[in-house]
2 protein chains.
Amino acid sequence: MAETAQQRIRTVASQLTRAERQLADAILENYPMSGLGPIARLAEKAGVSAPTVVRMVQKLGFSGFPEFQSALREELEAQISNPIAKHDSWSEAAPQGHILNRFTDAVIANIRQTLAHADPAEFDAVTALLADSRRAVYVAGGRITHALAEYLHLHLQVIRPGVRLIRTTSNAWPHDLLDLARGDVVVLYDVRRYENSTLKLAEIAAERGAKCVLFTDQWQSPIARHAAYSFNCRIEAPSAWDSTTAMLLLSETLIAAVQERAWERTRDRMKALEAMFDATRIFRKFV
Amino acid sequence: MAETAQQRIRTVASQLTRAERQLADAILENYPMSGLGPIARLAEKAGVSAPTVVRMVQKLGFSGFPEFQSALREELEAQISNPIAKHDSWSEAAPQGHILNRFTDAVIANIRQTLAHADPAEFDAVTALLADSRRAVYVAGGRITHALAEYLHLHLQVIRPGVRLIRTTSNAWPHDLLDLARGDVVVLYDVRRYENSTLKLAEIAAERGAKCVLFTDQWQSPIARHAAYSFNCRIEAPSAWDSTTAMLLLSETLIAAVQERAWERTRDRMKALEAMFDATRIFRKFV
DNA sequence: GGCGCGATGAAACTATGATTACAAAATCGG
DNA sequence: CCGATTTTGTAATCATAGTTTCATCGCGCC
């Protein structure tokens, strides 16, 4: 019985039903505060009904909601009176030095610094470029960053026409540049161990009058000199490799910004896409 | 109304009667915990009657005990909410409501919640599985998540032998499962608009005795039932799409953990890789 | 010491919150 | 695709917590 409600929830997490899991998430979301109010408020917050709450706390081994609540209060009291337990780790369940906490610390620091250095005017300008459907968009990444390029490409494709992914890892990439016209946009990802082929691509694109947008690391790829806009993302991590999380964040934000700017068109394209998905039955019908 | 209950009590302290002062002392003694329980318990603790409590909170300006209690809860919540989150502006240069700040806010919240839900024991178990080079590893993602799968695959490949990437977006994926043996590990990514082919893959893998590791969203893919381990990542974003940043973070952390565990081997493999890169002149010599 | 007034708690009452029963919905297996 | 089973929410019920009333108590004052 020395077990906290949080632990109990985790223990039974696997045997919970859909609504119960939803509820468990809501409780854990800002634990234990949300459990201290009346049952109806908790139910509403979790988007389930009050009986579901009762059933779930009974599954956790409490006789009913009041007992559960009083357990929460006791835990909270113990925690508050013990200042060592101050909330400064990401995964409460993991020890302080666990890699889950160490790595997340580093990534948050990366995000903070990346955002601090990002120029909103530049960001808005890039958004405008990408939202302009008269310009074709080419997206390219290197060995490590190809996954990011692919991700950006996938989403931009839904938002607007004329988006192409270039694989610089294959040596057929010059084929992809045949249609490149003055004023087109080339988005490049390049992080350290900067790649020759990506640099070549940027040189050619710049020469042909395309606007290059570069996502690079804090040490800046040599491509920067050819780029009209460049975002420097911190990528340091407590690992033999770097973390591209901040870079993904910036890319996703860019996607969101472009989409916001071109929402009318995007919505139509999404509808068309949905219709095609329905026709192909790729996805499960519900949920 | 920005006044805390504590301050209000102090303000009216002088005009309180004997029983009320007794009660006030009890509340302030371990504020605000004692006010969170039922009125009877507080009354008992203070050695007064329930009506006294009601009269007193009304003197404080609350309509009744429930309102008083809910004010206490709010105060407490504001007090313990993680200070790390209280970063009101990520990009100082951008206005408060700029998408750079809005999106980052959402992603940080996702990361925090994802980490809060992650079970370190489960994480460590998955690390061990992936570090065990006797087990082959298969990595698969769907339409949206393929980029993540590719990223994990790329890095795991450097750390250990026997890693394969499966494209569930192509219908030739069953070919990739021909060699799947009991005890192998299948890492799956599946977020909403859960895909049928990924589910099928999971079913087959589970049937063949492979261990499934699932990265999914907070609503949980139906694959969860076949998975030995599953990580639920928050993916909500102020956008028509979701954000997979938290998922990438967790994946990168996993990569770092596996690498840490198998560092000797990883180092040798990295050296070999470097040698090959040198031979191919893919990368720029310096910087 | 008795009178009057505010303070207080017991008890009745009311409202609200928790629980249960049941029916609808979703899911699963064939 | 259909019937069985589980899950879930709605509505009714029950319990408990909060409030009000009112009689009592203590205290100061005459």
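Order of the sequence lines sets the chain letters (A, B, ...), proteins ahead of strands, with each chain counted from 1.
- Following rounding to the nearest Å, Glu44(B) (CD) and dA17(D) (C1') show an atom-to-atom distance of 15 Å.
- Counted within 6.0 Å of CD on Glu29(B), heavy atoms from surrounding residues, nucleotides or ligands total 12 or fewer; the atom is thus considered open.
- A straight line from CZ of Phe62(A) to C1' of dA18(C) spans 16 Å, rounded to a whole angstrom.
- Of the charged side-chain nitrogens involved, none lies within less than 4.0 Å of a carboxylate oxygen, so that Arg167(B) and Asp176(B) do not count as a salt-bridged pair.
- A cation-pi arrangement is present between Arg8(A) and Phe62(A), with the terminal nitrogen or guanidinium carbon under 6.0 Å from the aromatic centre and inside a 45° cone about the axis.
- When all heavy atoms of Ala246(B) and Arg234(B) are compared, the closest pair comes out as CB-O, 3.7 Å.
- Between Met56(B) atom CE and dG9(C) atom C1' there is a gap of 17 Å when expressed in whole angstrom units.
- Contacts of Pro38(B) with the nucleic acid, taken as non-hydrogen atoms under 4.0 Å apart, involve only primed sugar atoms and P, OP1 or OP2.
- Axis orientation changes by 30° from one end of the helix from dG1(C)-dC30(D) to dG30(C)-dC1(D) to the other, with each end axis drawn from 5 pairs and the value rounded to 10°.
- Ion pairing of Lys59(B) with Glu20(B) is present here, as a side-chain N (NZ or NE/NH1/NH2) and a carboxylate O approach within less than 4.0 Å.
- As rounded to whole Å, 15 Å separates atom P of dT6(D) from atom CD of Gln15(A).
- Closest contact between the side chain of Phe65(A) and the listed nucleotides dA18(C), dT19(D), dT10(D) involves dA18(C).
- For the pair Glu20(B) CD and dG26(D) C1', the computed distance is 16 Å after rounding to whole Å.
- Residue order along DNA chain C, read from the 5' end via each residue's closest nucleotide, puts Arg55(B) first among Arg55(B) and Arg225(B).
- Rounded to whole Å, the distance from CG on Leu42(B) to C1' on dG9(C) is 15 Å.
- If you check dG9(C), dT19(D), dG9(D) against the side chain of Thr52(B), the one that comes closest is dG9(C).
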(Q) Before you tell me yes or no, could you show the steps for Val139(B) and Ile166(B) under side-chain contact (heavy atoms from CB on, under 4.5 Å), namely the whole-Å CA-CA distance, both residues' side-chain angles and the distance that decides it to 0.1 Å? (A) CA-CA 6 Å; Val139(B) 184; Ile166(B) 305 178; over 6 Å; no
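- Looking at Tyr189(B) and Ser251(B), their side chains do bring a donor and an acceptor atom within 3.5 Å of each other.
- Gln22(A) comes within contact range of no nucleotide atom at all, as no heavy-atom separation falls under 4.0 Å.
- If you measure from atom CD of Gln69(A) to atom P of dG17(C), you get 11 Å, rounded to the nearest angstrom.
- With rounding to whole Å, Arg18(A) atom CZ is found 22 Å from dT5(D) atom P.
- Here the side chain of Thr17(A) is nearest to one of dT7(D), dG18(D), dT20(C), namely dT7(D).
- Listed candidates were dG17(C), dT8(C), dG18(D). Nearest to the side chain of Ile39(A) is dG17(C).
- Distances from the side chain of Ala19(B) to the nucleotides dT8(C), dG9(D), dA18(C) place dT8(C) closest.
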